[in-house]
Amino acid sequence: MRRTLPAVSLALLLTLTSCSATGSDIPAPPGATPAGTPSASRQDAAQVDQTLGSLRRVDDLPLYEMTYVGRYDPTDGTDAKPATPFGCSLFVAAGDRSRPLFARNFDWDANPAMVLRTDPPDGYAAISLVDMSYLGVDADPAGDRRLLNAPLLPFDGMNERGLAVGLAADDGARAARDPGKPTVGSVRILRLVLDRAATVDEAVGVFTAHNLDFDGGPPLHYLLADASGASAVVEFVDGEMRVERGRGDWQALTNVPVAGIPEQQRREDRRYGLIAQAMTESGGVADAAAAHRVLGLVRQAHTRWSVTYGLRTGEVRLTTATGGAERRYQLPMS
C-alpha cells in the first residue's frame, strides 16, 4: 500500500483498503527485516515490552538472553504462510437484545488514525474511524485540505440509528459488474451504508444497489449489525453477492469466508475460533469491557485500533496500538 497519494488519485484511493497484504508486504528474508519492524510477532503491546525488557547481556561474546512472551507465527517468511498475513477481527454480541454490541480490531500498518464525526443534511449522523494514510496527508495534517475527503474512507463506524459496519480482507472474493448499477469503491460503500441505512435489511439493500470496485485494493467482505441485534455478513463469491444472516446470539468475521461454510470449518481459523469460543461461552452477551477482552485475545502486533460500538446506547470505546487510555465517544441516538 502506498503511504502518500496525490490528490488527483482520489478515484483510485477510494478503492484502497486494508486488513490485507499486498506484494510489498511479503516478509523479507531472514536478516533483511529492518530493525524495529517485527513480522512474526503476534504479541500485544504489553507482551512486546515484557519481551524486550527481558533482554540481558550475560557475557562478552557477547551472549544475550531473552524470554519471548506471547504468540508468534512460526510460518512467517515461508510458503506455508496464509494468503493474508494481516487480518482484521470483527464480531457482533447480540445475546442480550437490549444492549447489542459491535466490536472490531483493525489490523494494518502503523499509520495515524482519525475519529470522524459526520452529520450530513441528507443522511444519518455517524462516528467512524479513518486510516489517515489513505488521505495522503503529511505528518502534520493541520490545515491540509485533503482531510476534507475523510468522510469517503470509513473503515468501520456506527450511525445514529445504531447501524454499524466494518470490513475485512477476503482474498477469494470477486465482485462482478452489472451495467445497470452504479459502481462505487469498496471502502466508499461503508459511507453510503452509514448515511442511508437504519437497519441491516436497508444496509444489504445499499450493497445490492451498487457494483463494488475491488480493483485498487484487496477484495473484501463486510459485517453489519443494527440496534435490534440483527446482523449479516456480505460476501462476493464467484461474482455473486451472498448474504449470511446472523442466526444466533453472535456473528463473527475474520479473513476467511463464511457464506456456506460449516461453522466447524470456520473455527479452524485461529482468530475466528477464539471469538467463537468466547461468544459461545457467554451466550453472545458482552458489554464494552468484555468485548475489549475478547478483542485482546485476537489482537496482533499490527492491530492499530480496537473499538466497540453500543448499538442502542451510542457509546463508542476506542483503544489504539499505543496502549494509551481508552477514549470514549457518545453518538446521540435517534
Side-chain angles (χ1 to χ4, degrees), residues 1-6 8-26 81-90 104-109 111 128-131 133-136 149-157 165-197 203-224 232-244 253-261 269 272 302 304:
M1 294 294 182
R2 293 186 289 177
R3 292 295 181 274
T4 59
L5 292 170
V8 295
S9 299
L10 180 59
L12 175 61
L13 171 69
L14 297 180
T15 67
L16 295 176
T17 185
S18 57
C19 310
S20 176
T22 63
S24 63
D25 300 306
I26 298 173
K81 286 291 295 173
T84 305
F86 289 87
C88 296
S89 304
L90 307 90
R104 184 263 215 293
N105 280 347
F106 178 78
D107 303 341
W108 189 234
D109 292 330
N111 302 324
S128 59
L129 281 156
V130 177
D131 181 327
S133 69
Y134 292 92
L135 298 171
N149 287 324
L152 307 181
L153 290 166
F155 288 78
D156 53 69
V165 60
L167 56 79
D170 176 7
D171 291 327
R174 184 176 66 83
R177 296 196 182 185
D178 180 340
K181 297 179 181 179
T183 298
V184 299
S186 55
V187 178
R188 175 80 72 90
I189 191 69
L190 271 68
R191 172 51 55 201
L192 301 183
V193 165
L194 291 171
D195 285 359
R196 302 176 182 178
V204 170
V206 173
F207 275 95
T208 303
H210 294 84
N211 298 316
L212 291 197
D213 183 2
F214 292 148
D215 289 347
L220 304 171
H221 54 183
Y222 306 83
L223 182 62
L224 308 164
V233 168
V234 175
E235 293 186 332
F236 295 85
V237 181
D238 297 328
E240 298 293 328
M241 188 178 107
R242 295 190 183 178
V243 178
E244 175 96 357
L253 187 67
T254 55
N255 301 101
V256 296
V258 300
I261 304 300
D269 176 76
Y272 185 100
H302 43 274
R304 308 317 306 155

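This one's a predicted model, so the numbers in the text were calculated from it and none came from an experiment.
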- Message: Test of understanding: with side-chain hydrogen bond (donor to acceptor under 3.5 Å, both in side chains), list the residues that count as partners of Arg191, not counting sequence neighbours.
- Response: Thr118, Ser128, Asp195
- Minimal non-hydrogen separation, Asn111 against Arg304, with atom names: N-NE, 4.1 Å
- Mind checking side-chain contact (heavy atoms from CB on, under 4.5 Å) for Val258 and listing every partner two or more places apart, or none if nothing turns up? Val233, Glu235, Glu244, Leu253, Arg266, Tyr272
- Message: I'd like to know if the side chain of Asn255 and the backbone of Ala169 have a donor-acceptor N/O pair within less than 3.5 Å.
- Response: yes
- Query: Do you know which two heavy atoms are closest between Val243 and Val204, and how far apart they sit?
  - Reply: CG2-CG1, 3.9 Å
- Item | Residue list, side-chain contact (heavy atoms from CB on, under 4.5 Å) with Ala209, at least two apart or on another chain | none
- Note on the structure: Heavy-atom closest pair (Leu190 atom, Pro154 atom, distance to 0.1 Å) is CD2-O, 3.2 Å
- Query: Is a donor on one side and an acceptor on the other found under 3.5 Å between the side chain of Arg104 and the backbone of Val165?
  - Reply: no
- Message: Is any side-chain heavy atom of Thr254 closer than 4.5 Å to one of Cys88?
- Response: no
- Query: Looking only at atom types and distance, does a side-chain atom of Arg174 sit under 3.5 Å from a main-chain N or O of Asp238, one as donor and one as acceptor?
  - Reply: yes
- Item | Any donor-acceptor N/O pair, Lys181 side chain to Thr208 backbone, under 3.5 Å | yes
- Please tell me if the side chains of Leu129 and Phe106 come closer than 4.5 Å, counting only heavy atoms from C-beta onward. no
- Message: How close do His210 and Val184 get, counting heavy atoms only, and between which atoms?
- Response: CD2-CG1, 3.7 Å
- Tell me, do Ile189 and Val206 make a side-chain contact under 4.5 Å, heavy atoms counted? yes
- Query: Would Phe155 and Tyr134 satisfy side chain to side chain contact (heavy atoms under 4.5 Å, CB included), going step by step from the backbone distance to the final call?
  - Reply: CA-CA 11 Å; Phe155 288 78; Tyr134 292 92; 3.6 Å; yes
- Message: Going by the rule side-chain contact (heavy atoms from CB on, under 4.5 Å), which residues pair with Arg177 if we only count those two or more places apart in sequence or in a different chain?
- Response: Thr183, Asn211, Asp213, Asp215
- Task: Taking all non-hydrogen atoms of both residues into account, name the closest pair between Ala150 and Val130 and its distance.
- Result: O-CG2, 3.8 Å
- Query: What is the distance from atom CG of Leu223 to atom OG of Ser89, rounded to the nearest 0.5 Å?
  - Reply: 11.5 Å
- Do the rings of Phe236 and Phe214 sit parallel, tilted or perpendicular, given the 30° and 60° boundaries? perpendicular
- All ring-ring contact (aromatic ring centres under 6.0 Å, His included) counterparts of Phe207, not counting sequence neighbours: Tyr222
